[in-house]
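Quick notes on the structure that follows.
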Amino acid sequence: MDVLPDTILEYLQNNVSDSLSPACLRVDADGCIETWSGAIDNYALAALSKGIDVASVIPAVVGLEQVELPVVFSLVNLSASSIVNLHVLPRREHEGFYVLLLDAQEEHDSMQRYQQKANEVQLLNTRLNKVLKQLRATQTELEQKKAEAEEASRLKSRFIASMSHEFRTPLTSILGYTEMLQKGMLDARQNFSATHAISSGAQHLMSLIDNVLDQARFEAGEMELNLETIDLVAVVADIQAMFQPLARQKGLDFIVEGNEELVCWVKTDGMRLRQLMINLCNNAVKYTDEGEVRLVYHCECYGDTGQFDFVVKDTGPGIAKEEQAAIFNAFHRVKSQSDKAGAGLGLAISRQILELMGGGLSLDSELGRGSEFTLTLPVELAVESPSSVTHAAKTAADLSHKTILLAEDNEDVVEVVELFLQSADYDVIVAETGQKAFELAMQHEPALVLMDMNMPIKDGYTATQELRAEGFKQPILALTASSSPQDRQRAIEAGCNSYLLKPIAMNELLAKVMEYVKSE
Ligand code: ADP
């Protein structure tokens, strides 16, 4: 190798070498210090003196007396304040060795700084990985939400299409028959089937609207229960009375098994429980073309609580395993059964209602072998039967010619309700506004007021409040199109005794009017 030019050597000598503060110890063959030179003071070697064992001053060199080739120790901690690169170089003729000390504090500090940076980079990397992981999770979640939103939108589009069909079909028959009735085109027998078709079409529309509203209530988290005291066995009997004729019309057997002798009064939401049972029975009859539909119910009591089980078994087409979870999702329908009317809401709503009631709905089915839906409901046993039983026992015999004030602004509703009330021998006076209702009630003191809550000039809530403030004592029944428990509560708080939900079933209206007029 060529010798470096003098200028370079001189430069190295003056700069690099000076910055390293070289110091040298000459050590004899026994390891004792003979002499030293260079910047030895920089290294603060305690008790440095000639003749002592070098290892007592610099422990790193122990056992290197016979070293034959240079040995280098990097970054040796020589004392509390100095870090050195330590070179041990053999002397000629085995005379001992030199210990060369080169200041490595700067190198050590910069290594430390480097290490610190490396640690910081590693830390940043860890944080970055964490953020990336979170980003990936968020991305997966977003993709999932997007898929769910797309599925929901697809189902809703399908729902709108099927709703349009579901609404138009009964409306076609309602409008068609109405037109025929208006034109007097039908004989007495046809009149009867026309009114029957109109009524069942309207009921179908009503249940569709109820289902859509229920689903919307669940989606908005606004579904609430309305507890009342009911006889479970009587409810089952109602369901049987409702479905037996429908099943027979289709040529199906409709069998009910259960502990009929039991009178099981419980506190639950009777309207919702009926709705659940109707959904299950309606499906069983709708989807079964031959064989039977069987209801099995059982009520087990433990102290003041109990469990009600209601099973609906059919011999219909059954449901494939892979479809079984999905049919409880809103708007989902099994493709092969889409020829039957339906919106795919009944089971979704039923399961949500049951969960709200603390119960459950399960399915056991096999394609081609029928289906079995089991409703399980924990119930609180009631000690007394409700007062409505006593009311139900009352007769209409002595109710004739009582005056009912009907406060309602819709002429069609007025006409129908007036006709029904008159056919039951009531005298009817009509008010089209809340203000008029207030005046007529104060003037005529009717036996009962049917008060529409939504009227012009003065609504039913205000009219009722004012009547009560004036000391009007007769019963006021609210007529409302809102099924929300808050609105019903508002009507009661305004001073109504009870309420009727529109569309009003005329039998229900008469029963309620009779109940309140009689109980006065
Ligand atoms: P809908 O009957 O109005 O379509 P549901 O939510 O009640 O809505 O039912 C969802 C789907 O589950 C139905 O479309 C039908 O495919 C299937 N299903 C429900 N009950 C039965 C049953 N008893 N037998 C066969 N399939 C049924």
Side-chain angles (χ1 to χ4, degrees), residues 151-152 154-170 200-201 203-219 223 239 242-244 246-247 250-256 272-296 310-356 360-375:
E151 173 68 0
R154 196 182 61 74
L155 286 173
K156 286 228 160 121
S157 308
R158 212 171 76 186
F159 164 72
I160 288 168
S162 84
M163 267 296 117
S164 158
H165 169 261
E166 290 294 311
F167 275 107
R168 279 169 196 281
T169 312
S200 72
Q203 267 163 18
H204 178 60
L205 288 178
M206 196 57 231
S207 79
L208 272 181
I209 292 169
D210 282 344
N211 274 349
V212 173
L213 288 179
D214 279 350
Q215 181 60 21
R217 258 180 222 125
F218 270 115
E219 282 176 11
M223 179 61 93
I239 300 290
M242 197 181 297
F243 283 95
Q244 204 146 34
L246 295 176
K250 275 190 87 176
L252 302 173
D253 287 332
F254 193 88
I255 301 151
V256 179
R272 292 293 173 198
L273 181 61
R274 267 196 190 83
Q275 180 184 359
L276 297 169
M277 292 172 163
I278 290 173
N279 273 345
L280 297 181
C281 293
N282 191 39
N283 279 350
V285 173
K286 177 165 69 173
Y287 294 109
T288 306
D289 290 329
E290 54 187 41
E292 63 171 46
V293 171
R294 187 178 291 261
L295 307 190
V296 185
F310 181 78
V311 184
V312 183
K313 295 184 200 185
D314 65 51
T315 52
I319 300 160
K321 291 276 175 248
E322 59 276 16
E323 290 272 9
Q324 290 185 7
I327 60 165
F328 291 97
N329 294 340
F331 313 123
H332 187 93
R333 309 198 66 217
V334 176
K335 265 212 186 82
S336 55
Q337 288 154 4
S338 52
D339 55 320
K340 306 264 198 297
L345 281 175
L347 288 178
I349 292 171
S350 300
R351 182 170 267 185
Q352 294 175 91
I353 292 177
L354 261 170
E355 276 167 12
L356 194 64
L361 179 60
S362 62
L363 166 64
D364 184 8
S365 181
E366 233 176 84
L367 210 51
R369 301 242 338 248
S371 310
E372 182 173 324
F373 285 88
T374 303
L375 172 166

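Atoms within each ligand, like the ligands themselves, are counted from 1 in listed order.
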Contact with ligand 1 for Asp314, non-hydrogen, under 4.0 angstrom: yes

Heavy atom of Phe328, distance to ligand 1 below 4.0 Å: no

Point-to-point distance, once rounded to the nearest 0.5 Å, from [atom1] of [X] to [atom2] of [Y]:
X	Y	atom1	atom2	value
Met223	Ile353	CE	CD1	4.5 Å
Leu347	Leu363	CG	CG	8.5 Å
Gln324	Glu366	CD	CD	9.0 Å

Minimum heavy-atom distance [X]-[Y], with the two atoms named:
X	Y	result
Gly360	Leu354	O-CD1, 3.4 Å
His332	Glu323	NE2-OE1, 2.9 Å
Gly318	Leu367	O-CD1, 3.7 Å

With no hydrogens and no angle check, do the side chains of Gln275 and Asp210 hold a donor and an acceptor under 3.5 Å apart? no

Who's the nearest protein heavy-atom neighbour of [atom], and how far?
atom	value
atom 3 (O) of ligand 1	Ala343 N, 3.1 Å
atom 15 (C) of ligand 1	Gln337 OE1, 3.1 Å
atom 4 (O) of ligand 1	Arg333 NE, 2.5 Å
atom 9 (O) of ligand 1	Leu347 CD1, 3.6 Å
atom 21 (C) of ligand 1	Tyr287 CD1, 3.6 Å
atom 7 (O) of ligand 1	Asn283 ND2, 2.7 Å

Find all atoms of ligand 1 within a distance of less than 4.0 Å from any non-hydrogen atom belonging to [X], and give their numbers and elements.
X	value
His332	10 (C), 11 (C)
Lys286	1 (P), 2 (O), 3 (O)
Leu345	6 (O), 8 (O)
Val334	14 (O), 16 (O)

Using a plain distance cutoff, I'd like to know if [X] has any nitrogen or oxygen under 3.5 Å from a nitrogen or oxygen of ligand 1.
X	result
Gly344	yes
Phe373	no
Ile319	no

Classify the angle between the aromatic ring planes of Phe373 and Phe328 as parallel (below 30°), tilted (30 to 60°) or perpendicular (above 60°). perpendicular

Mind checking whether Asn211 and Ile349 have side chains closer than 4.5 Å, heavy atoms only? yes

Checking side chain to side chain contact (heavy atoms under 4.5 Å, CB included) for the pair Asp314/Tyr287: CA distance, chi angles, key distance, verdict? CA-CA 9 Å; Asp314 65 51; Tyr287 294 109; 5.8 Å; no

